[in-house]
Amino acid sequence: MHYTGEVYRPPLEANTPLLEVTYGCSHNKCAFCIMYHQTPFGIAPLEEVEEDIVEISQYYPRPIERIYLLNGDPFVLSTGKLMEIANLIKKHIPEIKTITSYASFYNLKNKTKEQLKQLREAGYNELWFGVETGYNKVLARLNKNADLNDYYNGLDKMKYAGIEYHAIIMQGIAGRGNSIENAKATAKLLNYYPPKGVYPMSTDVQRGSELYEMRERGDFIETTNRENLTEQLELLKNLDFPDNVFYSSAHMVNLVNISGHLKNKEKLIEKIQKALDNMDDSILDMTNFKIAR
């Protein structure tokens, strides 16, 4: 297998074969992210992609119904290139049902809704988006290369094409004192075209990121654990989703791990409220930064 530089995939893709079609990230300028700072963006040669598909087909237990494309945003590739990759996958793994990857809303700017429908029919029926926030004034300073209008346009295209998506959001990214507004705005965005799953991550300020510099200048003040849990509560209360949508904060960056489907929304809310009511104040009033130190 050909793997170049850092390799990342969502936790739920732990058992999914990983196929490198790009490496690094085509944007690589998000204010909070340093994931690909050591790896310049590049596109894997098609012959190497096919070699890896063959290797996956030979060594993974069959049937192989799902494959995950690397790395930061393979959906930046043209529709034609993505179709070539899908055809190679189906040539060697004909039983494949889902081709998935990370994607960004700016990746959708250069694709029409008809092109997305073509890609969905080719197997690209489920994508992972770093949504982060639906709060416009916060989104503007994250340097995502997409504004809120681009977000809604992208959701329109995916809804038309029938592409499902998972939404990764960043609780605390709006900074101290803004959690309620951030939760409401993010819920409004997600309600527009509900995702298959929602995954809140507590904002972790990484040295080397622009967000780190913002914090050092005093332009960004981190939220406390109490604020992050309160933000989760507000988000859940405002989500208007089908019962089968999955919600999970079960990630190591979060203080409290809550998972379940939205049919159990009230139980999820109850668990977060219980944590707020019973956890020691000294922990609730800490920031992740202080805990890390």
Side-chain angles (χ1 to χ4, degrees), residues 7-27 30 33 35-36 41 43-44 49 64-87 89-90 96-134 139 144-146 150-170 186 189-201 241-242 244-248:
V7 173
Y8 295 101
R9 48 90 182 143
L12 288 184
E13 304 293 351
N15 297 316
T16 307
L18 306 180
L19 175 66
E20 179 174 281
V21 299
T22 63
Y23 44 90
C25 173
S26 68
H27 180 53
C30 292
C33 183
M35 287 169 61
Y36 300 100
F41 176 74
I43 300 172
V49 173
I64 302 170
E65 297 184 343
R66 185 181 186 89
I67 194 165
Y68 184 86
L69 306 188
L70 298 171
N71 222 298
D73 61 336
F75 234 61
V76 74
L77 297 174
S78 68
T79 299
K81 189 76 171 179
L82 289 169
M83 289 298 296
E84 282 187 285
I85 292 167
N87 290 335
I89 292 171
K90 290 184 176 181
I96 204 78
K97 292 182 179 179
T98 295
I99 304 171
T100 184
S101 74
Y102 280 134
S104 295
F105 283 104
Y106 80 88
N107 295 156
L108 303 187
K109 292 183 188 181
N110 68 348
K111 293 176 177 64
T112 67
K113 62 182 185 180
E114 293 297 340
Q115 287 174 326
L116 285 182
K117 186 175 181 180
Q118 180 187 9
L119 289 167
R120 192 265 300 166
E121 291 170 350
Y124 296 94
N125 50 33
E126 187 180 319
L127 298 172
W128 290 84
F129 280 81
V131 175
E132 327 310 358
T133 178
L139 185 60
K144 293 281 294 180
N145 202 22
D150 295 323
Y151 273 32
Y152 279 105
N153 286 339
L155 291 175
D156 278 335
K157 291 178 182 180
M158 287 198 295
K159 185 175 182 180
Y160 173 85
I163 294 175
E164 294 185 304
Y165 75 107
H166 298 268
I168 302 168
I169 61 171
M170 297 180 69
T186 302
L189 173 72
L190 297 178
N191 288 339
Y192 185 75
Y193 178 40
K196 188 172 184 176
V198 178
Y199 310 92
M201 305 285 186
F241 282 179
N244 64 342
V245 173
F246 186 61
Y247 179 95
S248 178

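Since the structure is predicted, the reported quantities are computational estimates derived from the model, not experimental observations.
What you find for A161 and K113 is that their closest heavy atoms are CB-O, 4.2 Å. Here the shortest heavy-atom pairing between L82 and P74 reads CD2-O, 3.8 Å. Of all heavy-atom pairs between W128 and P10, the closest is CD2-CG, 3.5 Å. Counting all heavy atoms, side chain and backbone alike, Y106 lies closest to N145 at CB-O, 3.2 Å. For the residue pair E20 and V49, the shortest heavy atom distance occurs at O-CG2, 3.6 Å. Heavy atoms only, all atoms of each residue included: A103 and F75 are closest at CB-CB, 3.9 Å.
Listed for the S248 side chain is no donor-acceptor partner under 3.5 Å among the backbone atoms of Y199.
With L189 as the fixed residue, the side-chain contact (heavy atoms from CB on, under 4.5 Å) test singles out one of L139, T133, L155: L155.
Using modelled atom types and a 3.5 Å distance limit, the side chains of Y193 and D156 yield no donor-acceptor pair.
Rounding to the nearest 0.5 Å gives a distance of 7.0 Å between CG of L19 and CD1 of I85. Here CE of M201 is found 9.5 Å from CE of M170. Values are rounded to the nearest 0.5 Å. Expressed to the nearest 0.5 Å, how far NZ of K144 lies from NE2 of H27 amounts to 7.5 Å. Taking CD1 of I163 as the reference point, atom CZ of F129 lies at 7.5 Å (rounded to 0.5 Å). The CE atom of M158 lies 12.5 Å from the CG atom of L119; values are rounded to the nearest 0.5 Å.
Between F105 and K157 there is no side-chain heavy-atom pair separated by less than 4.5 Å. Side-chain contact between L116 and L108 is present, with at least one heavy-atom pair separated by less than 4.5 Å. Residues P200 and Y247 are in side-chain contact: their nearest non-hydrogen atoms beyond the backbone lie under 4.5 Å apart.
Qualifying salt bridge (Lys or Arg N to Asp or Glu O under 4.0 Å) partners for K117, counting only residues two or more places apart in sequence or in other chains: none. Residues satisfying the salt bridge (Lys or Arg N to Asp or Glu O under 4.0 Å) criterion with K109, sequence neighbours excluded, are D150. The side-chain hydrogen bond (donor to acceptor under 3.5 Å, both in side chains) test applied to T79 returns no partner, not counting sequence neighbours. With sequence neighbours left out, the side-chain hydrogen bond (donor to acceptor under 3.5 Å, both in side chains) criterion links T98 to N125. Under the side-chain hydrogen bond (donor to acceptor under 3.5 Å, both in side chains) criterion, Y151 pairs with no residue at all, not counting sequence neighbours.
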Q.
Could you walk me through whether T16 and R9 satisfy the side-chain contact (heavy atoms from CB on, under 4.5 Å) test, starting with their C-alpha distance in whole Å, then the side-chain angles of each, then the deciding distance to 0.1 Å, before giving a yes or no?
A. CA-CA 9 Å; T16 307; R9 48 90 182 143; over 6 Å; no
Q: Step by step, work out the side-chain contact (heavy atoms from CB on, under 4.5 Å) result for F41 and I43.
A: CA-CA 7 Å; F41 176 74; I43 300 172; 4.1 Å; yes
Q.
One pair to check against side-chain contact (heavy atoms from CB on, under 4.5 Å): H166 and T100. What are the steps and the verdict?
A. CA-CA 10 Å; H166 298 268; T100 184; 5.7 Å; no
Side chains of residues 65-72: which donor-acceptor pairs under 3.5 Å do they make with residues two or more places apart or in other chains?
residue : atom : partner : partner atom : Å
R66     : NE   : E13     : OE1          : 3.0
R66     : NE   : E13     : OE2          : 3.4
R66     : NH1  : E126    : OE1          : 3.4
R66     : NH1  : E126    : OE2          : 3.4
R66     : NH2  : E13     : OE2          : 2.8
R66     : NH2  : E126    : OE2          : 2.6
Y68     : OH   : Y102    : N            : 3.2
N71     : OD1  : Y8      : N            : 3.4
N71     : OD1  : Y36     : OH           : 2.7
N71     : ND2  : E6      : O            : 2.8

